[in-house]
Amino acid sequence: MTRGDRSGDGNARDRRHDERHSSGEAGRARAQGGKQQDRDGAGRSQAAGRRSGGGRAEPGGRDRDERRGSTGRRPAAGRSDRSTGGRTGPRQGAKAAGRPHRGESADPPRTVARDVLRAVRERDAYANLVLPALLRERGLSGRDAALATELAYGACRSLGLLDAVIAEGAGRPIEEIDGPLLDVLRLGVYQLLRTRIGAHAAVDTSVALTRAEFGAGKAGFVNAVLRRAGEKTPEQWVDALAPADPVGRLAFEYAHPVWIAQAFADALGERATELRDVLAADDARPLVHLVARPGDITAEELALVTGGEEGRWSPYAVYLEGGDPGKLEPVREGMAAVQDEGSQLVALALLNAALDGPDTGRWLDLCAGPGGKAALLGAIAAIDGFRVDAVEPAAHRAELVRKAVHDLPVDVHVADGRASGLTPGYDRILVDAPCTGLGALRRRPEARWRRTPADVRELVVLQRELLAAAWELVRPGGVVLYSTCSPHLPETVSVVADAVRRLGAEQLDTRELLPGVTDIGDGPGAQLWPHRHGTDAMFLAALRKPR
Ligand SMILES: C[S@@+](CC[C@H](N)C(=O)[O-])C[C@H]1O[C@@H](n2cnc3c(N)ncnc32)[C@H](O)[C@@H]1O
């Protein structure tokens, strides 16, 4: 099967066209089947494990690039630990490991993890881009790669918690600790507080890493700080250092900045008791979500070919436990792609919205890079004989869109969505706005520590302007769907309320555009959540332009 089959197989086209229009039924049927599996339940049990495990938690979600060991078990007691003194005291351990000469590494997984932390700290690198490259470069695979991944991503996620403990152990603010030593300390404290790696191994390996690079003096400092960090259990550290208020305490416990935890609590509203589950979901390993490109392959076929499981909500979604999706044949051939199921639902909601008047087949994706939703819209447009315009101002991201929509009826424009120069009259417009990304923290290890409340203010201005620009481009009776991969109220309901007030938009009940998807709020917008739906926390709201 190739993508070329789309044009040649009229029956397949019709079948898939029908599928799209019966997607509500399919979604509902799957939703019911999915309840047996209770994927969210699996997520919750991990979170519960974290709680009952006294903070020695299943240490966290991993990005889509992550490779896991074939057993799927945590790598905590991996070969590397045994060979580096897991069962011996600190000094003997270092000896048993064969004390490395200065500049040498006897511990490739931890060296890689430390180098990821260093790249993130020194040059604002993205852990999920740096790590795969380092694993390849250093030839790490299997359990070693799994350990490096676990430590690098886990420590990136936990920075706030780790730094508070390090500052206490060092008796000075972390700003006064040399950056390269801080990286090793973060790695060591992460192992002590958030994995099942033995304390001796955590300390010894960190001391050995330091000694190899900086010599005995600095290794002594690392040894002392880690010993102090290991004197308390994770719960005792939370008791000792967390703020007293409930949100602040949960934020500390689950290693989130307080403002983000507060943003989640505000968005949950009356259901703020779910805050613990939301925060835990950011640390749970997300499944890989694939989208089966309509017209090329069905979700059922894709699940069969990949050994995955059909999605719970989107008729195009398939879940994979892990592995490298880039190696799968349907992905290599462009018939499937990695795409969070929530993103698929956003594209489908745009197409499910009722227009006032006929759909003439002019669709627009105003914020298209890197092209996931444009590709799904384009695949469906191809079946219907329609066209999509895709706008993206960043040239390199526009290039990604071009690659994603290769051979689909999508025209890519490198332009600012606020001044695209496109001719008005679109039937359907997606404004998948640039946002804080607070709803996808589980897929971006260090992101929670990079964002600040100041980002929100700037983004909200841009979001409002993009929505206003879309309003100029949509025809009377047409629909604009506004979405963010963030549940943060200033960039979700506030932006939409402002548009309704200023533009005179008619707000549709977005929940009706997601047939079969339950528990998405009181309307008229819809909010997905990782802990409820297993998706990123996408927000979406549909606005129709009065005639
Ligand atoms: C949330 S992402 C869109 C994701 C995309 N829809 C997808 O599914 O792959 C937001 C995109 O908006 C782009 N963007 C930023 N400023 C913009 C502007 N002024 N006009 C249009 N797009 C903009 C960003 O570069 C980014 O690629």
Side-chain angles (χ1 to χ4, degrees), residues 64 126 289-291 293-294 314 316-317 325 331 334 336-351 363-381 388-406 408 410-422 426 428-441 443-444 447 451 455-474 480-488 491-492 495 528 535-541:
R64 63 184 60 156
Y126 295 105
H289 291 184
L290 296 181
V291 59
R293 290 272 160 81
S314 158
Y316 306 118
V331 174
V338 174
Q339 184 177 46
D340 185 83
E341 191 175 23
S343 291
Q344 299 174 36
L345 293 175
V346 166
L348 294 179
L350 174 70
L351 303 185
W363 301 347
L364 170 63
D365 181 348
L366 197 62
C367 309
K373 296 181 193 71
L376 181 51
L377 292 173
I380 294 171
V388 182
D389 284 307
V391 172
E392 169 59 48
H396 68 286
R397 289 176 75 80
E399 196 47 40
L400 294 176
V401 181
R402 278 199 194 94
K403 284 191 183 130
V405 302
H406 164 72
L408 294 170
V410 179
D411 301 308
V412 181
H413 309 266
V414 183
D416 188 317
R418 294 168 292 182
S420 63
L422 293 168
Y426 289 93
R428 301 178 189 274
I429 301 181
L430 175 61
V431 180
D432 188 28
C435 69
T436 55
L438 298 191
L441 296 181
R443 299 194 188 276
R444 297 168 196 161
R451 283 290 182 202
D455 299 335
V456 180
R457 285 189 284 280
E458 267 176 38
L459 284 164
V460 164
V461 172
L462 179 56
Q463 290 157 354
R464 289 181 179 188
E465 290 172 355
L466 284 164
L467 198 40
W471 204 245
E472 294 300 312
L473 291 168
V474 73
V480 174
L481 190 100
Y482 175 81
S483 64
T484 54
C485 59
S486 166
H488 193 19
E491 45 186 350
T492 59
V495 171
L528 297 162
T535 63
D536 290 347
M538 303 292 305
F539 169 83
L540 52 165

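Below, each value reflects all heavy atoms present in this structure, side chains not excepted, and no hydrogens, waters or symmetry copies. Read the numbers this way: they start at 1 and go in the same order the structure lists the ligands and their atoms. Residue numbers run from 1 in the order of the sequence given.
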ask   = Which pairs pass salt bridge (charged side-chain N to carboxylate O under 4.0 Å, His left out) with one or both residues in residues 430-439, sequence neighbours excluded?
value =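 The answer is Lys373-Asp432.
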ask   = Looking at Val401 and Gly369, what are the two nearest heavy atoms and their distance?
value =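 That would be CG2-CA, 3.5 Å.
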note = When rounded to the nearest 0.5 Å, the distance separating CG of Leu540 from CG of Leu430 is 9.5 Å
inquiry  = As an exercise, state the distance from CZ of Arg444 to SG of Cys485, rounded to the nearest 0.5 Å.
reply    =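 Answer rounded to 0.5 Å: 5.0 Å.
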ask   = With distance as the sole criterion, is a donor-acceptor pair present between the side chains of Glu491 and Thr436 under 3.5 Å?
value = yes
task = Non-hydrogen atoms closer than 4.0 Å to ligand 1: which protein residues do they belong to? List them by chain and number, please.
result =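 Lining ligand 1 at under 4.0 Å, by heavy atoms, one finds Leu366, Cys367, Ala368, Gly369, Pro370, Gly371, Gly372, Lys373, Glu392, Pro393, Arg397, Asp416, Gly417, Arg418, Asp432, Ala433, Pro434, Leu462, Leu466.
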ask   = Can any side-chain N or O of Gln344 pair as donor or acceptor with the backbone N or O of Gln339 at less than 3.5 Å?
value =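 Looks like yes, one N/O pair under 3.5 Å.
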